[in-house]
Amino acid sequence: MTVLITGGAGFIGSHTCVEFIAAGHDVVIYDNFENSNPIAVERIAAITGKTVPCVTGDIRDQPHLEAVLQDYNCQAVVHFAGLKAVGESAVKPLAYYENNVQGSLALLKAMQSCGIYKFIFSSSATVYGTPEFLPYTEDHPLQAMNPYGRTKLMIEDMLRDLYASDPKWSIAILRYFNPVGAHESGLIGEDPQGIPNNLMPFITQVATGRREKLSIFGGDYETRDGTGVRDYIHVVDLAQGHLAAYDFLKIPGCTAINLGTGQGQSVLEVVGAFEHMSNQKVPYEIVPRRAGDLPEFYAQTDFAQKTLGWRAKKDLREMCKDTWNWASKNPQGYEN
Ligand code: NAD
Ligand code: WQD
């Protein structure tokens with residue numbers, strides 16, 4: 001039984017490959033390396049002690065996907081591949097619709113034609129939009145606020161329609177909150193290209209001296225210290241959530257599940273924890289709010305615990321410790 005992992009060389013995909021292999025599953029990575037590095041695949045092999053089959057390909061290429069699904073006798077797909085930068089999605093919306101929506105469509109058609117019906121999808125808390133209440137439960141109304149979020153919502157809708165049309169499908173829609181951290185070996189981690197959009201990689205690049213200071217987007221939110229609050233989750237916890245979801249796919253259905261810790265942390269709290277765990281100073285200045293940012297959101301995690309028997313275990317200190325371990329061993333990312 002082989003699991004195809006699209007985007008398996010990326011940040012979350014690489015950590016998920018490690019957890020699947022450690023649990024005894026055979027995996028094959030399918031990635032076009034648009035936002036990742038083949039060295040990550042070698043590192044997965046170094047951590048697990050297993051050779052990891054990897055096919056270079058694009059999820060929009062349905063005939064190629066069908067050939068790979070058949071060649072490797074795949075029984076399930078974990079689908080990470082896609083573009084993920086919110087700001088860029090407003091500048092290049094068609095690239096996002098093409099890669100994320102058209103790519104997912106081609107992948108699902110390839111699966112259908114090969115008779116494979118088990119699917120795990122990387123969705124995002126961004127599909128909830130402005131909170132009507134917190135924590136977000138899985139039945140909170142859905143409302144995407146930017147093209148990236150709309151691609152995630154469209155794919156979710158496509159998956160719900162697909163299951164309604166054919167109850168053979170087993171689909172887990174996993175809504176991630178804010179993934180951070182790295183594998184404890186320091187061999188794999190987040191390696192953004194260019195200027196990081198997200199908080200933790202930016203903090204890391206300040207701590208390693210690649211950037212002068214962190215800009216904190218807004219100090220006047222109605223939160224406990226005025227800075228934005230998010231639910232940061234360790235990427236290894238997140239990867240283990242996928243393993244739990246894979247077991248859950250034994251039962252047909254189409255279910256959306258939050259993967260978060262249920263705890264909100266402010267930007268200043270993250271900076272403080274990072275400085276403490278890394279013993280580095282992170283100079284910052286408070287600048288105006290970033291357009292489109294929400295003041296605060298975090299997950300209700302009861303449903304994940306009930307359905308998957310999974311909950312996040314690692315706290316913010318461990319997230320910072322492992323991020324720093326990865327960053328200090330790989331200050332230029334995979335291109336050391
Ligand atoms: P990432 O960019 O590190 O990984 C995505 C991988 O997909 C990369 O290896 C990239 O090369 C590959 N890829 C992109 N387009 C492809 C295509 N057309 N064909 C084949 N491969 C392609 O991103 P990540 O942080 O690991 O995110 C993985 C998934 O989780 C994405 O779908 C993202 O939208 C979703 N997600 C991420 C976050 C986050 O904050 N990191 C939060 C919520 C959801
Ligand atoms: C976190 C907090 C910022 C950078 C985004 C996507 C979401 C999901 C995760 C994919 C906020 C503040 C950030 C910086 C800062 N991705 N910040 N200075 O915005 O919660 O979510 O990534 O699905 O869809 O929207 O994450 O890491 O960008 O920001 O002050 O340089 O850090 O304002 O309060 P966000 P983030």
Side-chain angles (χ1 to χ4, degrees), residues 5-16 29-38 40-41 54-61 64-65 78-87 89 95-96 98-100 102-104 106-107 121-128 144-146 148-149 151-152 155 174-180 188-193 195-203 205-206 211 213-219 221 223 227-233 235 238-239 242 259-260 264-268 270-271 284-298:
I5 306 201
T6 76
F11 172 43
I12 306 169
S14 56
H15 290 82
T16 303
I29 292 174
Y30 190 88
D31 204 302
N32 67 359
F33 299 102
E34 171 159 357
N35 195 38
S36 54
N37 193 309
V41 181
C54 176
V55 177
T56 302
D58 194 295
I59 51 163
R60 288 161 289 186
D61 187 348
H64 187 225
L65 279 168
V78 187
H79 177 36
F80 294 102
L83 303 178
K84 63 165 182 178
V86 171
S89 78
Y96 275 67
E98 186 186 316
N99 201 328
N100 295 4
Q102 195 177 318
S104 298
L107 174 60
F121 174 58
S122 298
S123 191
S124 166
T126 194
V127 298
Y128 292 121
M145 296 165 74
N146 50 64
Y148 166 74
T151 68
K152 291 291 175 190
I155 299 163
L174 303 181
R175 295 183 181 143
Y176 313 154
F177 281 68
N178 287 59
V180 297
I188 54 174
E190 189 167 13
D191 180 19
Q193 316 293 308
I195 302 169
N197 300 301
N198 296 114
L199 179 65
M200 192 63 97
F202 206 104
I203 290 179
Q205 292 195 5
V206 173
R211 312 215 172 257
K213 62 180 173 210
L214 170 72
S215 296
I216 295 183
F217 301 137
Y221 286 112
T223 57
T227 64
V229 168
R230 297 290 183 272
D231 182 341
Y232 298 93
I233 174 167
V235 64
L238 192 65
H242 290 70
L259 295 185
Q265 315 278 351
S266 75
V267 177
L268 284 173
V270 176
V271 171
Y284 66 81
E285 76 173 319
I286 300 199
V287 302
R289 297 177 179 190
R290 181 170 65 179
D293 269 357
L294 293 167
E296 176 165 30
F297 63 82
Y298 45 93

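FYI, side chains are in, hydrogens and waters are out, and symmetry mates aren't considered; it's all heavy atoms of this structure. Every number for a ligand or one of its atoms is a count from 1 in the order of the listing.
- Every residue two or more places apart in sequence or in another chain that forms a salt bridge (charged side-chain N to carboxylate O under 4.0 Å, His left out) with Lys84 is listed here: Glu190.
- Looking from atom 18 (N) of ligand 1 to the surrounding protein, the closest heavy atom is Asn99 OD1, 2.9 Å.
- For atom 29 (C) of ligand 1, the choice among Phe80, Tyr148, Phe177 with the nearest heavy atom turns out to be Phe80.
- The contact set between ligand 2 and Ser124, taken as ligand atoms under 4.0 Å from a residue heavy atom, comprises 10 (C), 23 (O), 24 (O).
- Scanning all protein heavy atoms for the shortest distance to atom 40 (O) of ligand 1 gives Pro179 CD, 3.3 Å.
- Note on ligand 1: Gly103 sits outside its first shell, no heavy atom being nearer than 4.0 Å.
- Ligand 1 has no atom lying under 4.0 Å from any heavy atom of Ser14.
- Of all the heavy atoms of Asn178, the ones lying under 4.0 Å from any atom of ligand 2 belong exclusively to the side chain.
- The N/O atoms of Val267, backbone and side chain alike, include none that comes under 3.5 Å of an N/O atom in ligand 2.
- Comparing heavy-atom distances from atom 14 (C) of ligand 2 across Tyr284, Phe177, Phe217 singles out Phe217 as nearest.
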* Asked: Passes ring pair (Phe, Tyr, Trp, His ring centres under 6.0 Å), Phe121 versus His242? Steps please.
  -> CA-CA 9 Å; Phe121 174 58; His242 290 70; over 10 Å; no
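- Residue-level proximity to ligand 2 for Leu294 is absent, since no heavy atom of it falls below 4.0 angstrom.
- Of the protein's non-hydrogen atoms, Asp31 OD1, 3.4 Å is the one closest to atom 10 (C) of ligand 1.
- Listed by number with element, the atoms of ligand 1 under 4.0 angstrom from any heavy atom of Ser122 are 29 (C), 30 (O), 32 (O), 35 (C).
- Using a 4.0 Å cut-off to heavy atoms of Asn197, the atoms of ligand 2 that qualify are 4 (C), 28 (O).
- At a cut-off of 3.5 Å, with distance as the only test, no side-chain donor of Tyr221 or Thr227 sits close to an acceptor on the other residue.
- Considering backbone and side-chain atoms together, Asp58 places an N or O closer than 3.5 Å to an N or O of ligand 1.
- Among all protein heavy atoms, the one lying closest to atom 3 (O) of ligand 1 is Phe11 N, 2.9 Å.
- The shortest N or O to N or O distance between Ser124 and ligand 1 is not under 3.5 Å.
- By the criterion of a heavy-atom distance under 4.0 Å, the backbone of Ser215, and not its side chain, is placed next to ligand 2.
- Of the heavy atoms in Arg290, only side-chain atoms (C-beta onward) come closer than 4.0 Å to ligand 2.
- The protein atom (non-hydrogen) at minimum distance from atom 1 (P) of ligand 1 is Asn35 ND2, 3.9 Å.
- Of the candidates His79, Lys84, Glu190, it is Lys84 that places a heavy atom closest to atom 25 (O) of ligand 1.
- Using 4.0 Å as the threshold, Tyr232 has a heavy atom nearer than that to some atom of ligand 2.
- Using a 4.0 Å heavy-atom cutoff, Tyr176 is absent from the residues neighbouring ligand 2.
- Among Ile12, Asn32, Asn197, Asn100, the residue whose heavy atom lies closest to atom 22 (C) of ligand 1 is Asn32.
- At the top of the distance list for atom 19 (N) of ligand 1, counting protein heavy atoms only, stands Ile59 N, 3.0 Å.
- Within ligand 2, counting atoms from 1 as listed, the ones closer than 4.0 Å to a heavy atom of Thr126 are 24 (O).
- At a 4.0 Å cut-off, at least one heavy atom of Ser123 sits close enough to ligand 1 to count as contact.
- Checked against Ser104 for a side-chain hydrogen bond (donor to acceptor under 3.5 Å, both in side chains), the options Lys152, His79, Arg60 give a single hit: His79.
- Put simply, no part of Thr6 is less than 4.0 Å from ligand 1, judged by heavy atoms.
- Of the protein's non-hydrogen atoms, Val86 CG2, 3.3 Å is the one closest to atom 25 (O) of ligand 2.
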